[in-house]
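Here is how names work: the chains are called A, B, and so on, in the same order as the sequence lines, proteins then strands, and each is numbered from 1. These numbers were taken from a predicted model, which means no experiment stands behind them.
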Amino acid sequence: MIVHLVDGTYELFRQFYGRRHATKGKDERLGAVIGVLHSVLEMIEQGATHVGVATDHVIESFRNRLWADYKTGEGIEPALLAQFHPLEEALTAMGVVVWPMIELEADDALASAAHIAARDERVEKVCIWTPDKDLAQCVRGDRVVQVDRKGPKIRNAEGVHEKFGVEPALIPDFLALVGDAQDGYPGIPGIGAVTAARLLNQYGGIEAFPPTVLGDSRDLALLFKDLATLRTDAALFRNVDELEWRGPTSAFPAYVDRLGDARLLERGLNAPVA
Amino acid sequence: MTTSDTHRAIDAVWRIESAKLIAGLTRITGDVGTAEDLAQDALVAALERWPQSGVPDNPGAWLMATAKHRAIDVLRRGKLLERKHAELGHELEARQESPERALHAALDDHVGDDLLSLMFTACHPVLATEARVALTLRLLGGLTTDEIARAFLVPKATIAQRIVRAKRTLAAARVPFEVPPPGAELAARLSSVLEVIYLVFNEGYSATAGDDWMRPALCEDALRLGRILAELIPQEPEVHGLVALMEIQASRSTARVGPAGEPILLLDQDRGRWDHLLIRRGLAALERAEAPGGGYGPYALQAAIAACHARARTPEETDWTRIVALYDELAQLLPSPVVDLNRAVALGMAFGPAAGLEVVDTLTQEPSLKGYHLLPAVRGDLLDKLGRFAEARAEFERAASLTRNARERTLLLERAARARARP
């Protein structure tokens with residue numbers, strides 16, 4: 001079986017901004033939610049059987065306590081923010097497993113879910129649907145891959161190496177050194193992507209660097225590595241069977257009514273159940 | 001100092017001082033044409049004397065003093081002086097001063113106000129946009145007719161005529177030499193001034209026609225005018241917005257042209273070659289561009305978009321989602337298919353080419369974008385990323401046939417050829 005793990009937060013952003021042109025800038029109250037539901041149903045129509053969606057509520061996690069400038073939910077448009085909870089409810093009503101994260105981020109949920117799923121021998125492949133470079137650390141050979149709709153690209157371990165110059169396991173070290181402007185930590189001054197990859201390929205992880213390489217910046221680099229390391233120990237599910245889609249729940253018709261998109265109900269009821 | 005050194009020095013002084021000179025003289029004479037003639041006379045005097053006497057310590061003051069004498073002569077010769085006397089009458093009585101001294105004093109006062117009045121006059125709505133641009137460059141930028149003609153690739157006679165007609169129009173319409181009173185009129189007139197400055201900048205930044213991709217001198221002129229304007233009316237957020245936009249865009253000037261003069265697009269540029277001083281100035285201006293009640297105007301929004309690029313050390317770090325959101329705000333303030341097209345590009349970068357293409361496809365029916373080469377160029381790029389190479393090639397070729405810029409055409413044809421080489 002193939003397990004699909006979807007970054008729900010990214011999908012919601014994608015649908016929110018993607019629909020604005022068609023709606024002439026007037027945001028429909030739950031337009032992005034409807035968009036995400038259609039996009040998940042499309043995956044199912046195309047053969048996906050096991051699906052899990054991760055979201056994060058306020059996008060403020062334990063990482064904000066570690067580093068003051070770490071990204072926060074600040075600046076998210078209210079019309080978008082207001083759709084996070086409805087998305088989680090709607091997906092649940094549609095029978096899709098959702099992991100709404102509070103203390104951890106959606107990325108941690110995807111990493112944990114990939115970790116649990118990959119342990120199961122019946123799983124041939126885990127596809128993580130997100131463009132976020134943090135998730136590159138979860139890629140394993142051809143078995144756990146990252147699907148980046150932005151590229152659009154599917155990256156296996158070789159693809160990760162090609163993009164970043166290091167193997168997936170060294171991605172947290174790589175990000176710690178070069179920084180991640182979107183996540184809000186600057187990296188180590190003077191170290192760019194090329195130098196970071198060279199050092200990591202020469203010594204292995206940051207812990208193995210000779211003391212002279214980073215000097216006083218070593219502790220900071222290790223803090224950033226902690227920020228960049230995704231948690232894989234969230235107990236999201238026990239068995240991949242729990243991720244199997246078995247059709248919409250009985251709450252779905254009422255929910256679709258609330259969303260005001262009749263096509264969604266028809267599509268949900270007709271989607272193939274494995 | 002050789003004669004040619006002196007001429008270079010005079011040229012530099014003229015660029016810096018001519019606007020103040022013309023502005024002060026316009027206030028006295030009430031006519032930009034006369035004011036410009038007087039300023040030119042002072043320049044001719046400098047060209048005659050300075051090669052022998054050397055450049056004076058304060059060349060600007062010398063030019064101003066010479067121009068003042070000539071202004072008084074002119075006023076004396078005509079009946080203007082009498083009118084002026086009458087205007088200054090009660091003030092003079094009170095101060096027991098000679099009319100000449102009063103004129104001198106009047107010329108020294110309010111240099112800032114004069115410059116600002118001159119900007120508003122040169123950009124007055126009675127003039128056509130191209131006349132505003134020519135007049136602004138001539139009166140405020142210190143450019144010669146010949147320089148303006150070369151910058152816009154039009155015959156010198158055309159520009160000369162444009163300027164003469166503009167001056168006549170201003171005189172005939174009795175456009176007052178003043179800064180409009182605060183309120184709706186100021187806002188409307190200011191937007192005309194900003195538009196002219198940005199037009200000049202853009203013509204320098206992306207030459208619409210000809211063999212060069214950029215004409216940096218025009219960008220510098222626009223930046224100079226923008227910075228002066230920001231000093232003169234610091235309370236107007238959009239002025240800072242425009243300055244921020246120009247500073248940040250100008251920071252990429254050297255990086256966006258390759259060794260053979262070929263254009264290098266934003267995401268392919270060596271960010272190490274961006275001018276970080278200009279970026280810092282731009283970001284500082286952007287901070288001042290927020291309106292009192294919060295929020296940005298159209299220029300500040302565009303500057304905020306440029307700032308997203310400026311802050312990213314690598315193209316991958318660009319916060320495309322924020323850019324999409326800023327375009328959304330811009331589309332609300334200034335709905336335009338061009339803004340929609342730019343937004344589609346950002347959307348494609350944030351959420352993948354399919355998302356961008358969906359929007360671009362809706363724009364292909366837009367009449368105002370019919371001859372706009374960037375529409376097929378963007379569509380080609382998105383199709384290329386989606387692996388639809390044959391369609392991409394056709395779009396790049398179409399874009400190449402629509403652009404008037406030779407460098408850009410080459411770039412588009414290269415992309416078409418690359419798309420052709422793929423299956």
Given a strict heavy-atom distance threshold of 4.5 Å, which part of P152(A) is in contact with chain B: side chain, backbone, both, or neither?
both
Spell out, as yes or no, whether a donor-acceptor pair under 3.5 Å connects the side chain of Q15(A) to the backbone of V33(A).
no
Show me the side-chain donor-acceptor pairs of residues 266-273 of chain B shorter than 3.5 Å, one per line, residues at least two apart or across chains.
residue: Q269(B); atom: OE1; partner: W274(B); partner atom: NE1; Å: 2.9
residue: Q269(B); atom: NE2; partner: I264(B); partner atom: O; Å: 3.0
residue: D270(B); atom: OD1; partner: G272(B); partner atom: N; Å: 2.9
residue: R271(B); atom: NH1; partner: H309(B); partner atom: O; Å: 3.3
residue: R271(B); atom: NH1; partner: A312(B); partner atom: O; Å: 2.9
residue: R273(B); atom: NH2; partner: T254(B); partner atom: O; Å: 3.3

Side-chain donor-acceptor distances from residues 321-332 of chain B under 3.5 Å, at least two apart:
residue: D328(B); atom: OD1; partner: R343(B); partner atom: NE; Å: 2.4
residue: D328(B); atom: OD1; partner: R343(B); partner atom: NH2; Å: 3.2
residue: D328(B); atom: OD2; partner: R20(A); partner atom: NH1; Å: 2.5

Which bit of R311(B) comes within less than 4.5 Å of chain A, counting heavy atoms only: side chain, backbone, both or neither?
neither
Heavy-atom count check: over 12 atoms from other residues, nucleotides or ligands less than 6.0 Å from E77(A) CD?
yes
Taking R19(A) first and then E28(A), would you say they form a salt bridge - that is, a charged N and a carboxylate O separated by under 4.0 Å?
yes
Set out, in order, the CA-CA distance, both residues' side-chain angles and the distance that settles ring-ring contact (aromatic ring centres under 6.0 Å, His included) for W67(A) and F224(A), then state yes or no.
CA-CA 8 Å; W67(A) 181 249; F224(A) 293 155; 4.9 Å; yes
With a 4.5 angstrom heavy-atom cut-off, is it the side chain or the backbone of F16(A) that approaches chain B, or both, or neither?
neither
By side chain to side chain contact (heavy atoms under 4.5 Å, CB included) - contacts of A106(A) (at least two apart)
D7(A), T9(A), A54(A), D56(A)
Please classify the contact of K163(A) with chain B as side chain, backbone, both or neither, using a heavy-atom distance under 4.5 Å.
side chain
Is it the side chain or the backbone of T314(B) that comes within 4.5 Å of chain A heavy atoms, both, or neither?
neither
Chain A contacts: which residues in residues 350-364 of chain B have a non-hydrogen atom closer than 4.5 Å to it?
A350(B), F351(B), G352(B), P353(B), V359(B), T362(B), L363(B)
Between E395(B) (side chain only) and A392(B) (backbone N and O only), is there a donor and an acceptor less than 3.5 Å apart?
no
